[in-house]
Amino acid sequence: MKGTLWLAWRQQRVLVVCGAAVLVAAAALAAYFRSGMLDDLRSGLFDHCGPGPLYCSGPGDGLPRFLDVEPLRLLGGLNIALPVLVGMFWGAPLLGRDRELGTHRMVLTQGVSRAQWFASRFALAAVGTVALSGSLALLFRWWWEPAVNRSYGVFWYEAPALTGSGPATVAAALFGLTVGTLAGLLTRRVLSAMAWTLLVTGAVAAAVQWTHRARLLVPPHTYVSDGWQPKPPMGDKWSTGNYGLITASGHREDVLNCPYPSGRELKECMTRHGYTARFYEANPPGDYWTFQWIDTALLGGLALGLTVVTVLLLRRRV
(Lines give C-alpha, C1' and ligand atoms only; values in the text may rest on other atoms or scores of the structure.)
Protein backbone atom coordinates (compact mmCIF):
# COMPACT_ATOMS: atom_id res chain seq x y z
CA MET A 1 0.00 0.00 0.00
CA LYS A 2 1.58 3.27 -1.07
CA GLY A 3 0.93 6.65 -2.60
CA THR A 4 -2.58 8.08 -2.50
CA LEU A 5 -4.08 4.82 -1.28
CA TRP A 6 -1.72 4.83 1.72
CA LEU A 7 -2.68 8.43 2.47
CA ALA A 8 -6.39 7.57 2.15
CA TRP A 9 -5.91 4.69 4.60
CA ARG A 10 -4.11 6.95 7.06
CA GLN A 11 -7.00 9.41 6.96
CA GLN A 12 -9.80 6.84 7.16
CA ARG A 13 -8.37 4.11 9.37
CA VAL A 14 -10.12 5.44 12.47
CA LEU A 15 -13.46 5.24 10.66
CA VAL A 16 -12.68 1.72 9.45
CA VAL A 17 -11.82 0.63 13.00
CA CYS A 18 -15.00 2.26 14.36
CA GLY A 19 -17.09 0.49 11.72
CA ALA A 20 -15.44 -2.84 12.58
CA ALA A 21 -16.10 -2.24 16.27
CA VAL A 22 -19.77 -1.52 15.61
CA LEU A 23 -20.03 -4.70 13.55
CA VAL A 24 -18.35 -6.85 16.21
CA ALA A 25 -20.58 -5.42 18.95
CA ALA A 26 -23.71 -5.97 16.84
CA ALA A 27 -22.66 -9.55 16.06
CA ALA A 28 -22.06 -10.32 19.74
CA LEU A 29 -25.44 -8.91 20.75
CA ALA A 30 -27.16 -10.74 17.89
CA ALA A 31 -25.62 -14.05 18.92
CA TYR A 32 -26.69 -13.52 22.53
CA PHE A 33 -30.29 -12.48 21.89
CA ARG A 34 -30.82 -14.94 19.04
CA SER A 35 -29.75 -17.75 21.37
CA GLY A 36 -32.38 -16.60 23.88
CA MET A 37 -34.96 -16.43 21.09
CA LEU A 38 -34.23 -20.03 20.07
CA ASP A 39 -34.46 -21.18 23.69
CA ASP A 40 -37.92 -19.57 23.97
CA LEU A 41 -39.06 -21.25 20.77
CA ARG A 42 -37.78 -24.65 21.90
CA SER A 43 -39.61 -24.28 25.22
CA GLY A 44 -42.93 -25.04 23.52
CA LEU A 45 -44.64 -21.79 24.57
CA PHE A 46 -45.21 -20.85 20.94
CA ASP A 47 -45.94 -24.28 19.44
CA HIS A 48 -49.66 -23.56 19.20
CA CYS A 49 -49.15 -20.21 17.43
CA GLY A 50 -49.80 -20.11 13.71
CA PRO A 51 -48.57 -17.61 11.13
CA GLY A 52 -50.52 -14.46 10.54
CA PRO A 53 -50.97 -11.00 11.97
CA LEU A 54 -53.21 -12.04 14.88
CA TYR A 55 -51.65 -12.07 18.31
CA CYS A 56 -50.55 -15.38 19.74
CA SER A 57 -52.35 -15.85 23.07
CA GLY A 58 -51.44 -18.13 25.89
CA PRO A 59 -53.79 -21.15 26.20
CA GLY A 60 -54.35 -20.52 29.90
CA ASP A 61 -54.43 -16.79 30.55
CA GLY A 62 -55.30 -15.61 27.01
CA LEU A 63 -52.65 -12.88 27.16
CA PRO A 64 -50.59 -12.07 24.04
CA ARG A 65 -47.20 -13.71 23.84
CA PHE A 66 -44.18 -12.24 22.06
CA LEU A 67 -40.57 -13.10 21.60
CA ASP A 68 -38.00 -10.56 22.75
CA VAL A 69 -37.54 -8.96 19.33
CA GLU A 70 -36.96 -5.38 20.44
CA PRO A 71 -33.15 -5.71 20.17
CA LEU A 72 -33.70 -7.02 16.63
CA ARG A 73 -35.83 -3.99 15.82
CA LEU A 74 -33.04 -1.77 17.17
CA LEU A 75 -30.60 -3.38 14.74
CA GLY A 76 -33.07 -2.72 11.95
CA GLY A 77 -33.30 0.89 13.12
CA LEU A 78 -29.50 1.17 13.03
CA ASN A 79 -29.49 -0.13 9.46
CA ILE A 80 -32.15 2.42 8.49
CA ALA A 81 -30.07 5.22 10.04
CA LEU A 82 -26.83 3.94 8.50
CA PRO A 83 -26.99 6.14 5.35
CA VAL A 84 -27.21 9.26 7.51
CA LEU A 85 -24.36 8.13 9.78
CA VAL A 86 -22.11 7.08 6.90
CA GLY A 87 -22.85 10.26 4.97
CA MET A 88 -22.23 12.59 7.90
CA PHE A 89 -19.18 10.98 9.49
CA TRP A 90 -17.51 9.29 6.50
CA GLY A 91 -18.72 11.04 3.37
CA ALA A 92 -18.74 14.68 4.52
CA PRO A 93 -15.07 14.75 5.70
CA LEU A 94 -13.87 12.65 2.75
CA LEU A 95 -13.17 15.69 0.55
CA GLY A 96 -14.51 18.39 2.83
CA ARG A 97 -11.70 18.22 5.39
CA ASP A 98 -8.94 18.63 2.79
CA ARG A 99 -10.91 21.38 1.10
CA GLU A 100 -11.46 23.18 4.39
CA LEU A 101 -7.81 22.96 5.47
CA GLY A 102 -6.37 23.40 1.97
CA THR A 103 -4.15 20.32 2.31
CA HIS A 104 -5.35 18.96 -1.03
CA ARG A 105 -3.25 21.57 -2.82
CA MET A 106 -0.06 20.18 -1.31
CA VAL A 107 -1.03 16.64 -2.35
CA LEU A 108 -1.79 17.70 -5.91
CA THR A 109 1.61 19.37 -6.24
CA GLN A 110 3.33 16.04 -5.57
CA GLY A 111 2.53 14.65 -9.00
CA VAL A 112 -0.85 13.24 -7.95
CA SER A 113 -3.72 13.80 -10.35
CA ARG A 114 -7.16 14.88 -9.24
CA ALA A 115 -8.54 11.55 -10.38
CA GLN A 116 -6.05 9.63 -8.20
CA TRP A 117 -6.70 11.89 -5.22
CA PHE A 118 -10.45 11.29 -5.43
CA ALA A 119 -10.43 7.65 -6.54
CA SER A 120 -8.22 6.41 -3.70
CA ARG A 121 -10.31 8.12 -1.02
CA PHE A 122 -13.69 7.27 -2.45
CA ALA A 123 -12.81 3.65 -3.33
CA LEU A 124 -11.66 2.92 0.22
CA ALA A 125 -14.73 4.60 1.69
CA ALA A 126 -17.06 2.75 -0.71
CA VAL A 127 -15.50 -0.63 0.06
CA GLY A 128 -15.79 0.04 3.79
CA THR A 129 -19.40 1.16 3.41
CA VAL A 130 -20.38 -1.92 1.40
CA ALA A 131 -18.64 -4.23 3.87
CA LEU A 132 -20.27 -2.61 6.91
CA SER A 133 -23.79 -2.24 5.51
CA GLY A 134 -23.78 -5.66 3.83
CA SER A 135 -22.59 -7.37 7.01
CA LEU A 136 -25.22 -5.61 9.15
CA ALA A 137 -27.96 -6.51 6.66
CA LEU A 138 -26.89 -10.19 6.66
CA LEU A 139 -26.67 -10.11 10.46
CA PHE A 140 -30.24 -8.83 10.68
CA ARG A 141 -31.43 -11.56 8.32
CA TRP A 142 -29.70 -14.30 10.32
CA TRP A 143 -31.11 -13.01 13.62
CA TRP A 144 -34.59 -12.51 12.12
CA GLU A 145 -34.90 -15.97 10.56
CA PRO A 146 -36.39 -17.85 13.58
CA ALA A 147 -39.15 -15.25 14.00
CA VAL A 148 -39.76 -14.22 10.41
CA ASN A 149 -43.41 -13.43 9.57
CA ARG A 150 -44.83 -14.64 12.86
CA SER A 151 -47.27 -12.89 15.17
CA TYR A 152 -44.74 -13.16 17.98
CA GLY A 153 -41.84 -11.97 15.80
CA VAL A 154 -41.29 -9.47 12.98
CA PHE A 155 -43.17 -9.38 9.69
CA TRP A 156 -41.42 -8.71 6.39
CA TYR A 157 -43.30 -5.47 5.79
CA GLU A 158 -42.28 -3.80 9.04
CA ALA A 159 -39.76 -1.01 8.48
CA PRO A 160 -36.88 -2.66 10.40
CA ALA A 161 -37.12 -5.69 8.08
CA LEU A 162 -38.20 -4.09 4.80
CA THR A 163 -35.71 -1.20 4.96
CA GLY A 164 -33.11 -2.55 7.37
CA SER A 165 -32.25 -5.76 5.52
CA GLY A 166 -31.39 -6.91 2.04
CA PRO A 167 -29.48 -5.24 -0.81
CA ALA A 168 -31.43 -1.99 -0.39
CA THR A 169 -29.52 -1.41 2.87
CA VAL A 170 -26.23 -1.44 0.97
CA ALA A 171 -27.54 0.83 -1.80
CA ALA A 172 -28.90 3.29 0.77
CA ALA A 173 -25.55 3.41 2.63
CA LEU A 174 -23.70 4.10 -0.63
CA PHE A 175 -26.21 6.84 -1.39
CA GLY A 176 -25.50 8.44 1.98
CA LEU A 177 -21.76 8.25 1.29
CA THR A 178 -22.10 9.97 -2.09
CA VAL A 179 -24.35 12.69 -0.68
CA GLY A 180 -21.80 13.46 2.04
CA THR A 181 -18.91 13.41 -0.43
CA LEU A 182 -20.60 15.81 -2.81
CA ALA A 183 -21.67 18.09 0.06
CA GLY A 184 -18.09 18.25 1.33
CA LEU A 185 -16.85 19.19 -2.12
CA LEU A 186 -19.44 21.92 -2.59
CA THR A 187 -19.50 23.52 0.86
CA ARG A 188 -15.76 23.26 1.69
CA ARG A 189 -16.79 23.02 5.36
CA VAL A 190 -17.16 19.70 7.13
CA LEU A 191 -19.86 20.86 9.55
CA SER A 192 -21.89 22.44 6.75
CA ALA A 193 -21.51 19.26 4.69
CA MET A 194 -22.70 17.17 7.62
CA ALA A 195 -25.76 19.35 8.04
CA TRP A 196 -26.66 19.13 4.35
CA THR A 197 -26.08 15.38 4.39
CA LEU A 198 -28.42 14.97 7.35
CA LEU A 199 -31.09 17.00 5.58
CA VAL A 200 -30.86 15.27 2.20
CA THR A 201 -30.46 11.68 3.38
CA GLY A 202 -33.18 12.16 6.00
CA ALA A 203 -35.57 13.51 3.38
CA VAL A 204 -34.83 10.64 0.99
CA ALA A 205 -35.27 8.07 3.79
CA ALA A 206 -38.65 9.58 4.64
CA ALA A 207 -39.62 9.53 0.96
CA VAL A 208 -38.69 5.84 0.69
CA GLN A 209 -40.85 5.01 3.70
CA TRP A 210 -43.73 6.98 2.17
CA THR A 211 -43.50 5.05 -1.11
CA HIS A 212 -43.64 1.82 0.88
CA ARG A 213 -46.72 2.82 2.87
CA ALA A 214 -48.48 4.29 -0.15
CA ARG A 215 -47.56 1.22 -2.30
CA LEU A 216 -46.54 3.76 -4.91
CA LEU A 217 -43.98 1.59 -6.68
CA VAL A 218 -45.27 -1.87 -5.72
CA PRO A 219 -49.06 -1.91 -6.09
CA PRO A 220 -51.04 -4.36 -3.94
CA HIS A 221 -52.85 -7.42 -5.23
CA THR A 222 -56.63 -7.69 -5.08
CA TYR A 223 -58.00 -10.85 -3.45
CA VAL A 224 -61.65 -11.78 -4.09
CA SER A 225 -63.76 -14.29 -2.18
CA ASP A 226 -67.42 -15.27 -1.77
CA GLY A 227 -68.96 -13.25 1.00
CA TRP A 228 -70.80 -16.10 2.66
CA GLN A 229 -67.75 -18.36 2.81
CA PRO A 230 -64.92 -17.76 5.31
CA LYS A 231 -62.24 -15.90 3.43
CA PRO A 232 -58.74 -17.36 3.25
CA PRO A 233 -56.53 -16.28 6.16
CA MET A 234 -54.49 -13.14 5.65
CA GLY A 235 -51.34 -14.96 6.71
CA ASP A 236 -48.23 -12.88 6.13
CA LYS A 237 -49.71 -10.60 3.49
CA TRP A 238 -49.36 -6.84 4.01
CA SER A 239 -52.89 -5.47 4.02
CA THR A 240 -53.64 -1.97 2.76
CA GLY A 241 -56.70 -1.80 4.98
CA ASN A 242 -58.86 -1.45 1.89
CA TYR A 243 -61.77 -3.90 2.15
CA GLY A 244 -65.02 -3.84 0.24
CA LEU A 245 -67.86 -5.50 -1.61
CA ILE A 246 -68.28 -6.08 -5.35
CA THR A 247 -71.50 -5.71 -7.32
CA ALA A 248 -72.50 -7.81 -10.33
CA SER A 249 -71.22 -5.03 -12.61
CA GLY A 250 -67.82 -5.08 -10.89
CA HIS A 251 -68.31 -1.84 -8.96
CA ARG A 252 -66.62 -1.71 -5.57
CA GLU A 253 -68.41 -0.37 -2.50
CA ASP A 254 -67.66 0.12 1.18
CA VAL A 255 -67.51 -3.01 3.34
CA LEU A 256 -69.59 -1.22 6.01
CA ASN A 257 -72.63 -1.56 3.78
CA CYS A 258 -72.75 -5.14 5.06
CA PRO A 259 -70.83 -5.11 8.35
CA TYR A 260 -71.26 -8.79 9.19
CA PRO A 261 -68.79 -11.65 9.51
CA SER A 262 -69.03 -14.58 7.15
CA GLY A 263 -72.33 -16.42 7.47
CA ARG A 264 -76.08 -16.18 6.92
CA GLU A 265 -76.46 -12.50 7.88
CA LEU A 266 -73.72 -11.45 5.49
CA LYS A 267 -75.14 -13.58 2.68
CA GLU A 268 -78.62 -12.08 3.14
CA CYS A 269 -77.22 -8.54 3.21
CA MET A 270 -75.14 -9.11 0.07
CA THR A 271 -78.12 -10.61 -1.76
CA ARG A 272 -80.33 -7.71 -0.75
CA HIS A 273 -77.82 -5.14 -2.06
CA GLY A 274 -76.80 -7.10 -5.15
CA TYR A 275 -73.25 -7.87 -4.07
CA THR A 276 -71.63 -10.94 -5.57
CA ALA A 277 -68.30 -11.06 -3.73
CA ARG A 278 -66.03 -9.20 -1.36
CA PHE A 279 -62.41 -8.17 -1.75
CA TYR A 280 -59.36 -6.90 0.05
CA GLU A 281 -56.05 -5.49 -1.15
CA ALA A 282 -52.69 -6.68 0.14
CA ASN A 283 -49.12 -7.34 -0.88
CA PRO A 284 -48.02 -11.00 -0.67
CA PRO A 285 -44.73 -11.85 1.07
CA GLY A 286 -43.03 -12.35 -2.29
CA ASP A 287 -43.22 -8.59 -2.78
CA TYR A 288 -40.46 -8.22 -0.18
CA TRP A 289 -37.93 -8.78 -2.94
CA THR A 290 -39.81 -6.49 -5.32
CA PHE A 291 -39.54 -3.68 -2.78
CA GLN A 292 -35.89 -4.55 -2.21
CA TRP A 293 -34.79 -4.49 -5.84
CA ILE A 294 -36.75 -1.34 -6.68
CA ASP A 295 -35.20 0.50 -3.72
CA THR A 296 -31.78 -0.86 -4.66
CA ALA A 297 -32.13 0.32 -8.25
CA LEU A 298 -33.35 3.79 -7.26
CA LEU A 299 -30.87 4.44 -4.45
CA GLY A 300 -28.00 2.79 -6.30
CA GLY A 301 -28.81 4.86 -9.39
CA LEU A 302 -28.83 8.04 -7.31
CA ALA A 303 -25.49 7.08 -5.76
CA LEU A 304 -23.99 6.48 -9.19
CA GLY A 305 -25.37 9.76 -10.50
CA LEU A 306 -24.01 11.74 -7.55
CA THR A 307 -20.61 10.11 -8.00
CA VAL A 308 -20.53 11.19 -11.64
CA VAL A 309 -21.51 14.73 -10.63
CA THR A 310 -18.73 14.78 -8.02
CA VAL A 311 -16.15 13.66 -10.58
CA LEU A 312 -17.24 16.31 -13.05
CA LEU A 313 -17.17 19.07 -10.43
CA LEU A 314 -13.72 18.01 -9.27
CA ARG A 315 -12.32 19.15 -12.60
CA ARG A 316 -13.32 22.72 -11.78
CA ARG A 317 -13.36 23.08 -8.02
CA VAL A 318 -10.02 21.58 -6.93
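The figures that follow rest on heavy atoms only: side chains count, while hydrogens, waters and symmetry mates do not.
Proximity of a side-chain donor or acceptor of Ser135 to a complementary backbone N or O of Leu132 within less than 3.5 Å is not detected. A donor-acceptor pair is defined here as one N or O able to donate and one able to accept, closer than 3.5 Å; no such pair exists between the side chain of Trp90 and the backbone of Leu15. With hydrogens and angles ignored, the 3.5 Å screen pairs no side-chain donor or acceptor of Gln12 with any backbone N or O of Phe122. Counting only distance, with no hydrogens or angles, the side chain of Thr187 and the backbone of Ala183 share a donor-acceptor pair below 3.5 Å.
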Please determine whether side chain to side chain contact (heavy atoms under 4.5 Å, CB included) holds for the pair Phe140 and Asn79, giving the CA-CA distance in whole Å, both sets of side-chain angles, and the decisive distance to 0.1 Å. CA-CA 9 Å; Phe140 182 94; Asn79 291 349; 4.0 Å; yes
Evaluate the salt bridge (Lys or Arg N to Asp or Glu O under 4.0 Å) criterion for residues Glu158 and Arg73: first the C-alpha distance (whole Å), next the side-chain angles of each, then the deciding distance (0.1 Å), finally the verdict. CA-CA 9 Å; Glu158 296 182 52; Arg73 296 182 193 276; 2.3 Å; yes
Should Arg141 and Glu145 be marked as a salt bridge (Lys or Arg N to Asp or Glu O under 4.0 Å) after you check the CA-CA gap, both sets of side-chain angles, and the distance that decides it? CA-CA 6 Å; Arg141 184 75 194 191; Glu145 197 64 37; 3.5 Å; yes
Run the numbers on Thr163 and Gln209 for side chain to side chain contact (heavy atoms under 4.5 Å, CB included), then give the verdict. CA-CA 8 Å; Thr163 309; Gln209 294 301 318; 2.7 Å; yes
Please determine whether side chain to side chain contact (heavy atoms under 4.5 Å, CB included) holds for the pair Arg121 and Thr181, giving the CA-CA distance in whole Å, both sets of side-chain angles, and the decisive distance to 0.1 Å. CA-CA 10 Å; Arg121 281 162 172 72; Thr181 303; over 6 Å; no
Assess the residue pair Asp254 and Tyr243 against the criterion (side chain to side chain contact (heavy atoms under 4.5 Å, CB included)); give the C-alpha distance rounded to whole Å, side-chain angles, the decisive distance to 0.1 Å, and a yes or no. CA-CA 7 Å; Asp254 197 321; Tyr243 300 83; over 6 Å; no
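Here the side chains of Phe118 and Leu185 are not in contact, with every heavy-atom distance at 4.5 Å or above. Tyr223 is not listed as a side-chain neighbour of Glu281, based on a closest heavy-atom distance of 4.5 Å or more. Counting heavy atoms from C-beta on, the side chains of Phe155 and Asp236 come closer than 4.5 Å. Annotation: side chain of Leu299 is in contact with side chain of Val204 (closest heavy-atom distance under 4.5 Å). Within the 4.5 Å cutoff, no side-chain heavy atoms of His251 are placed close to those of Ile246. Side-chain contact between Leu85 and Leu78 is present, with heavy atoms from C-beta onward closer than 4.5 Å. Contact annotation: the side chain of His212 never approaches that of Val218 to less than 4.5 Å [non-hydrogen atoms, C-beta and beyond]. Side-chain contact check for Cys258 versus Leu245: some heavy-atom pair is nearer than 4.5 Å.
There is no path of hydrophobic side-chain contacts, each under 4.5 Å, that joins Leu304 to Trp293. A chain of hydrophobic side-chain contacts below 4.5 Å, direct or via other Ile, Leu, Val, Met, Phe, Trp or Tyr residues, connects Leu67 to Val148. Tracing side-chain contacts under 4.5 Å through hydrophobic residues (I, L, V, M, F, W, Y), one reaches Tyr32 starting from Val69; they form part of the same cluster.
Expressed to the nearest 0.5 Å, how far CG of Asp295 lies from CG of Leu217 amounts to 7.5 Å.
Annotation: cation-pi pair Arg215/Trp238 present, NZ/CZ under 6.0 Å from the ring centroid and within 45° of its normal.
Side-chain contact of Ser239 with Tyr157: a donor-acceptor pair under 3.5 Å is absent, judged by distance alone. With hydrogens and angles left out, the side-chain atoms of Thr271 and Tyr275 include no donor and acceptor closer than 3.5 Å.
Looking at Leu186, Thr178, Leu95 one by one, the single match for side chain to side chain contact (heavy atoms under 4.5 Å, CB included) with Thr310 turns out to be Leu95. Partner of Val179 under the side chain to side chain contact (heavy atoms under 4.5 Å, CB included) criterion, chosen from Leu174, Val200, Val86, Leu198: Val200.
Taking the six-membered ring where tryptophan is involved, the planes of Tyr288 and Trp156 are perpendicular, since the angle between them exceeds 60° and thus also 30°.
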